[in-house]
Structures are given as structure tokens and as C-alpha cells.
**Q** 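Have a look at this one before I ask anything.
Every chain is numbered from 1 and lettered A, B, ... according to where its sequence line falls, protein lines coming before strand lines.
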Protein chains: 2
Amino acid sequence: MPKDDCNTSGDRLYQMLATLKSHDFRITPQRLAVLKILAASEDHPSVEQIYEKVRVEFPTTSLATIYKIVALLKELNELLELGFPDESNRYDGKKPFPHPHVICTKCKKIMDPELTSFDELKEEIARKTGFRIIHHRLDFFGLCRECQKVE
Amino acid sequence: MPKDDCNTSGDRLYQMLATLKSHDFRITPQRLAVLKILAASEDHPSVEQIYEKVRVEFPTTSLATIYKIVALLKELNELLELGFPDESNRYDGKKPFPHPHVICTKCKKIMDPELTSFDELKEEIARKTGFRIIHHRLDFFGLCRECQKVE
DNA sequence: TCTTAAAGGAGAATGGTTCTCTATAAAGAA
DNA sequence: TTCTTTATAGAGAACCATTCTCCTTTAAGA
């Protein structure tokens, strides 16, 4: 099953577990807990947020452990990292491939918009610059519906 | 003159100076030096790189001063900041408004590609998400022509 | 030249992330 | 099941780009 065709969080969990196993990485309780959280989360959690959730079940877990698990999943291309220089990085475990994001600068919510015809843009760039494009990052910053109302 | 229609670095220097003056900010030797560097630089320098250049003329300049000047110009919308969580931020003083960048992951070169039809993408996003889009960030990562040859 | 508030300089503080080192435990073997 | 090995977890120090603090200097109008 391709990564962009997971319909349930169970699919994603199974897929991430399979990737870990196929690379001979051990399935530890901490790793399983993080995978479950990532596979289920509708938002784009930070390491700190994952940490808080894991600690509900495993109170002795170290923050460093979460960082290590996140780094591992990123390395295995099972997790997309959205790095921000001025605040915590955020993670997308459901769609671990580059795709556009819409970010509310007020409540920090991050959403995945549907978007057509981005590939042609990418090809135009490659043709005009001579670059071999490996990946990309497209973020739109603004105010979500709710935060527009409050103002 | 609109910011996206400066043809020479002199134009940009004059424009940035005018903005500082119109907001009653003092023109200090350090600020002038930074403005000149930003208006002239073809690349996208980091604070450290600006610092090194300023120190040629003013060896006692503090790194904190460069940070302060950069923050001020950013606040005045005369400088575009490209933040990177894992390395130094980079700055674009020639085109201080959001535009796509192409970034070589090997030599760290940053270029401005010409790009048509990005606005419709932005409108599609706003329509589909209900966000009021304020600004955006579009980065393509890959290998530039030179780094493709070396491998 | 004088005055004064803004700006600069130096170094400490910050904070998300990474590193180091030791203790623990997952998973295959016997 | 128990044993063995080695990856992984835990705890806290270290890192480093950036920001902050506090004091000194200076730009610019009077």
C-alpha cells in the first residue's frame, strides 16, 4: 500500500511498524506509543505534545527518547518534519511526503489543503533553474476561519 | 518606486534609507554598512556573513548589532527572512516580499527562480480552506547545476 | 556646542534540539 | 523458559543561533 493511500490510522500504524521491522529496528513500548499517536493525530503535533501524550501511559519516558524516535521515523521517510526556526518543529505522520500546509499564525493550527496542479509548477522550476529538485516546502500563513472571527 | 521594481542596488539602498528616515530611525555607520551589503548582495547572506563583511570596515562591530539591524529591517518589511531550523537564517534584501526560492542542499546556494502563475494557486488555497492568507513560503530543495556535476 | 534619547558593544541568557554515558530490555538462540 | 547480545531508553549536560540586559557611545535636532 502506498503511503498516500492510507485511509485509516490503523493502516498507517501497520505501515510504520512494517517499516521498522523490515529495517530490524526493535518495537519498544515507547516506539509503539509514538507510532500510535502519529498514526491517529489529526493535527500536526510537536515533540513536546507527543511527549505529553506518551507520558500518560509511560510516565518515565524521556524527552530525548521522543526526539530519537522522531528522528528515526524521519530518516525512514515515515514522518514529515515541518521545521520552524522560531518555535517547535511540527510533524505529520499521516502523509510523510512533501505537501502544502496552511498555518494559522494565531492559534498555530496546521491544515492540509487539497491542491491541484502543483507538479507543473515544480517542473517549471526545474527547467528554469537547472536544479534537480529533491523535495519542497510550501507553507501558507494566515488566519483560520475561527481566528478571523475573534480578531 | 515599488519594491519589486528596483533595477540597481543603488535603488534598493536609497529605498531602504528612505524607509528608515521616514520612520525617524537614525542612519548610523553600522546601519549604512548593512544596507549597502544587503542592497548589493546577489546571494542570500546569513547574519554571520553580513557581520564578517561589516567588520572589514568597522572591526569593532558587535554581532548583536547586526541582529538588531536585521530585525529592524524585517519589521519595516525591507528584508525577507528565510528561516531554517537547522542552520542560520538567510536574508533577501533585494526582494523583501515572499517569493519562491531554490536551495541547493549541498553548497547552500539560494536562488530566485522566475515563476508564472502562483497567484491562482494561492487563491485556490484560500477558497478551499477559508483561511485569509497573509504570506507564504515556497522552497524547492535539490542540487544546483554545479553540485550535480560533482556528486 | 549641547542635550538626550536612540543605538551600539559585550557578554550572559534562552530554548529547542542533540549528545554522552550508563542502565535497561527486546528478540533471537539454546 | 532462560540466556546473551546489543540496540534502546533515561537523565542531564552540551550545543548554538538568536535574544536579552545593561551600560556606554553617539546621531541629530536645538
**Q** Side chain of A:Leu63 only, please: which of C:dG8, D:dG10, C:dT17 is the nearest?
**A** C:dT17
**Q** Counting side-chain heavy atoms from CB outward, which of D:dT18, C:dA26, D:dG10 is closest to A:Thr28?
**A** C:dA26
**Q** Check the surroundings of atom CZ in B:Phe84: do more than 12 heavy atoms from other residues, nucleotides or ligands lie under 6.0 Å from it?
**A**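 Atom CZ in B:Phe84 is packed in, count exceeds 12.
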**Q** By nearest heavy atom, map A:Leu72 and B:Pro29 onto DNA chain D; which one lands nearer the 5' end?
**A** A:Leu72
**Q** Roughly, in whole Å, what's the span from CD in A:Glu52 to C1' in C:dG16?
**A** 15 Å
**Q** How would you label the contact of A:Ser46 with the nucleic acid (heavy atoms, under 4.0 Å): base, sugar-phosphate, or nothing?
**A** nothing
**Q** I need the CD-C1' distance between B:Glu87 and D:dC16, as an integer number of Å.
**A**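 Interatomic distance, CD of B:Glu87 to C1' of D:dC16: 13 Å.
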**Q** Identify the two heavy atoms, one from B:Phe131 and one from A:Ile103, that lie closest to each other, and give their separation to 0.1 Å.
**A** CE2-C, 3.6 Å
**Q** Base, sugar-phosphate, or nothing for A:Asn89, non-hydrogen atoms under 4.0 angstrom?
**A**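 The residue A:Asn89 makes sugar-phosphate contact but no base contact.
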**Q** Checking contacts here: which listed nucleotide (C:dG8, D:dA27, D:dG10) is nearest the side-chain heavy atoms of A:Gln30?
**A**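 So the side chain of A:Gln30 is nearest to D:dG10.
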**Q** Round to a whole Å and report the spacing from CG of B:Asp86 to C1' of C:dC19.
**A**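 Rounding to the nearest Å, CG of B:Asp86 and C1' of C:dC19 are 17 Å apart.
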**Q** Would you kindly give the CG-to-C1' distance between B:Leu32 and C:dG8, to the nearest whole Å?
**A**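 Those two atoms, CG and C1', are 15 Å apart.
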**Q** From the options D:dA9, D:dA11, C:dA27, select the nucleotide whose nearest atom is closest to the side chain of A:Ile27.
**A** C:dA27
**Q** Just by distance, no angles: are the side chains of B:Gln15 and B:Arg12 close enough, under 3.5 Å, to form a donor-acceptor pair?
**A**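 Yes, B:Arg12 and B:Gln15 have a side-chain donor paired with an acceptor closer than 3.5 Å.
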**Q** Does the ring centre of A:Phe118 sit less than 6.0 Å away from the ring centre of A:His136?
**A**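 Here the rings of A:Phe118 and A:His136 have centres that are less than 6.0 Å from each other.
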**Q** Return the value, rounded to whole Å, for the distance between atom CD1 of A:Ile69 and atom P of C:dA26.
**A**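 Rounding to the nearest Å, CD1 of A:Ile69 and P of C:dA26 are 13 Å apart.
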**Q** Nearest whole Å is fine: how far is D:dT8 C1' from A:Ile66 CD1?
**A**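 Rounded to the whole Å, the gap is 13 Å.
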**Q** Taking CZ from B:Phe58 and P from C:dA7, how many angstroms apart are they, rounded to a whole number?
**A** 17 Å
**Q** Taking atom types as modelled, find out whether A:Thr65 and A:Gln30 have a side-chain donor-acceptor pair closer than 3.5 angstrom.
**A**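 Side chains of A:Thr65 and A:Gln30: no pair found under 3.5 Å.
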**Q** Please evaluate the base of C:dA6 for a donor-acceptor partner in the side chain of B:Arg26 within a cut-off of under 3.5 Å?
**A**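 Per atom types, the contact qualifies.
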**Q** Return the value, rounded to whole Å, for the distance between atom NZ of A:Lys68 and atom P of D:dA9.
**A**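 Interatomic distance, NZ of A:Lys68 to P of D:dA9: 7 Å.
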**Q** B:Phe25 has a side chain; which of C:dT17, C:dG8, C:dA7 sits nearest to it?
**A**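 The answer is C:dA7.
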